[in-house]
2 protein chains.
Amino acid sequence: MIKENTSNAANRQFLYKVCRINGALDMIAGRWKGLILIHISEGQNRFSLLKQLLPVSDQVLGKQLRELEADKLISKTVIPEVPVRVDYQLTEKGKAVIPILEALAEWRDL
Amino acid sequence: MIKENTSNAANRQFLYKVCRINGALDMIAGRWKGLILIHISEGQNRFSLLKQLLPVSDQVLGKQLRELEADKLISKTVIPEVPVRVDYQLTEKGKAVIPILEALAEWRDL
DNA sequence: TATATCACTCATTTTTTTGTGAGTAACTCA
DNA sequence: TGAGTTACTCACAAAAAAATGAGTGATATA
């Protein structure tokens, strides 16, 4: 959780207003978010699939997915099978960030 | 500082190997780095100029600059005037990331 | 009845990141 | 002599992010 009225929070707000880069980075810089977005874009779009692919606990995975959903990069469809099944999809915003992530990957090894 | 032999550190290493996106994000996701890179690219390339432009202490600014230098996004030239003057420049790698940062800024408001 | 699966949430601890307080060297100007 | 400038560094505190332990509901299978 982010507290208000600390200079940390004030700085974050300043940057959010002054610099759109920071707003963008806040949405994608979570530790597992890059890989999650790539996997979903490739069809690995279930909670349990992602859990197999990433050395990460349910709890951490769940949190990253919640945040991606809150920022509207992904959406989910609950299919009431037994046990329940949930499919994740990229939104338009999510799809639009994939080429930028690929550009970042290329850039890293420059 | 990053400690070794914690699962936190292990996960970071895993991601560094498996996903170049994370390596890239580690270099640019520091709170002030986006703006610092943009300012330097526009010629606001001194410590004291950056300090005026950003609501940030010497210490934090210094640390972000040290990290950007360690990752080879910027380099510096010490000019032995009195008092000493230091100019920062973008390296080729630093120049190459600017269009990606601009794409991120555009993407944010999608 | 007991165990298992899927897809989670909540509370707490650990680790990292960001910010603060204090201090440095070299030299100039009053 | 004392204050001011630039460009820092170090030690420590505060805040945020990531990881861990425990538990949930619905159903199905043994």
Side-chain angles (χ1 to χ4, degrees), chain A residues 1-16 22 25-36 40 44-52 54-70 74 76-88, chain B residues 1-16 22 25-36 40 44-52 54-70 74 76-88:
Chain A
M1 279 298 133
I2 295 157
K3 293 190 184 173
E4 303 304 323
N5 296 105
T6 62
S7 91
N8 200 319
N11 284 347
R12 182 195 287 266
Q13 283 211 337
F14 167 86
L15 280 165
Y16 186 82
N22 283 73
L25 286 172
D26 280 351
M27 293 189 236
I28 58 166
R31 177 166 291 180
W32 305 96
K33 287 180 184 172
L35 263 185
I36 288 172
I40 293 177
Q44 322 275 178
N45 62 344
R46 308 246 331 257
F47 195 95
S48 51
L49 281 172
L50 292 167
K51 224 176 84 173
Q52 283 165 36
L54 305 173
V56 71
S57 63
D58 300 22
Q59 299 91 315
V60 171
L61 179 56
K63 193 172 182 238
Q64 302 273 304
L65 288 168
R66 274 203 297 287
E67 290 173 7
L68 286 170
E69 203 192 349
I74 61 174
K76 63 183 191 177
T77 308
V78 180
I79 297 153
E81 290 175 357
V82 170
V84 68
R85 177 178 159 190
V86 177
D87 278 11
Y88 289 95
Chain B
M1 280 295 135
I2 295 157
K3 292 188 184 174
E4 305 301 323
N5 294 106
T6 62
S7 90
N8 200 322
N11 284 346
R12 184 195 286 265
Q13 282 210 338
F14 166 87
L15 280 164
Y16 186 83
N22 283 74
L25 286 172
D26 279 352
M27 294 189 235
I28 58 166
R31 178 166 290 180
W32 304 96
K33 287 181 184 172
L35 263 185
I36 289 171
I40 293 177
Q44 321 275 177
N45 62 343
R46 308 244 333 256
F47 195 96
S48 51
L49 281 172
L50 292 168
K51 225 176 83 176
Q52 283 165 37
L54 304 174
V56 72
S57 62
D58 300 23
Q59 300 91 314
V60 170
L61 180 56
K63 192 170 184 239
Q64 302 274 304
L65 288 168
R66 274 203 297 287
E67 290 173 7
L68 286 169
E69 204 192 349
I74 61 174
K76 63 182 191 177
T77 309
V78 179
I79 298 152
E81 291 176 357
V82 170
V84 67
R85 175 177 161 192
V86 177
D87 278 11
Y88 289 94

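We name chains A, B, ... by the order of the sequence lines, and we start the count at 1 in each one. Nothing here was measured: the structure is a model prediction, and the numbers come from that model.
Taking the side chain as every heavy atom from C-beta outward, A:N22 and A:Y16 never approach each other to under 4.5 Å. Counting only heavy atoms from C-beta outward, the side chains of B:V84 and B:V78 approach each other to under 4.5 Å. The closest side-chain heavy-atom distance from A:W32 to A:L54 is below 4.5 Å. Side-chain atoms of B:I74 and B:I36, non-hydrogen and from C-beta on, never get closer than 4.5 Å to each other.
Side chain of A:Q59, nearest nucleotide from D:dT9, D:dT20, D:dA19: D:dT20. For B:N11, whose side chain is taken as the heavy atoms from C-beta onward, the closest listed nucleotide among C:dT16, D:dA19, D:dT9 is D:dA19. Nearest nucleotide to the side chain of A:V84, out of D:dT6, D:dA19, C:dC6: C:dC6. Here C:dC8 is the nucleotide among C:dT17, C:dC8, C:dT20 with the atom lying nearest to any side-chain atom of A:K76. Counting only heavy atoms from C-beta on, A:F47 has its side chain closest to C:dC8 among D:dC8, C:dT16, C:dC8.
Following rounding to the nearest Å, A:I79 (CD1) and D:dT27 (P) show an atom-to-atom distance of 17 Å. Spacing between atom CG of B:N22 and atom P of D:dA17 amounts to 16 Å, rounded to whole angstrom units. Straight-line distance from the CG atom of B:L61 to the C1' atom of D:dT9: 13 Å, rounded to whole Å. The distance between atom CZ of A:F14 and atom C1' of C:dG19, rounded to the nearest whole Å, is 16 Å. Between A:E81 atom CD and D:dT29 atom P the separation is 13 Å, expressed in whole Å. Atom CG in A:L25 sits roughly 13 Å away from atom P in D:dA17 (whole-Å rounding). One interatomic measurement links the two molecules: CD of A:Q52 to C1' of C:dT5, which rounds to 13 Å at whole-angstrom precision. Protein atom OH of A:Y88 is 11 Å distant from nucleotide atom C1' of C:dC6, rounded to whole Å.
Residue whose closest nucleotide on DNA chain D sits further toward the 5' end, between A:P83 and B:R85: B:R85. Both B:D26 and B:D58 lie near DNA chain C, and the one whose nearest nucleotide falls closer to the 5' end is B:D26. Checking A:N8 against B:S48, the closest nucleotide of DNA chain D that is more toward the 5' end is the one next to B:S48.
Backbone-only contact: A:V86 has heavy atoms under 4.0 Å from sugar-phosphate atoms and none from a base. The residue B:E67 sits apart from the nucleic acid: no heavy atom pair falls under 4.0 Å.
Side-chain nitrogen and oxygen atoms of A:W32 include at least one within less than 4.0 Å of the OP1 or OP2 phosphate oxygen of D:dA19. Look at B:R46 and you won't find any side-chain N or O under 4.0 angstrom from OP1 or OP2 of D:dT6. Under 4.0 angstrom from either OP1 or OP2 of D:dC10 there lies no side-chain N or O belonging to B:K63. Taking 4.0 angstrom as the limit, B:R12 places a side-chain polar atom (N or O) nearer than this to OP1 or OP2 of C:dT17. For the pair A:S7 and C:dT20, the criterion of a side-chain N or O lying under 4.0 Å from OP1 or OP2 is met.
The two atoms that bring B:K33 and B:D26 nearest to each other are NZ-O, 4.2 Å, heavy atoms only.
With A:R31 contributing its side chain and A:Q64 its backbone, the two residues share no donor-acceptor pair below 3.5 Å.
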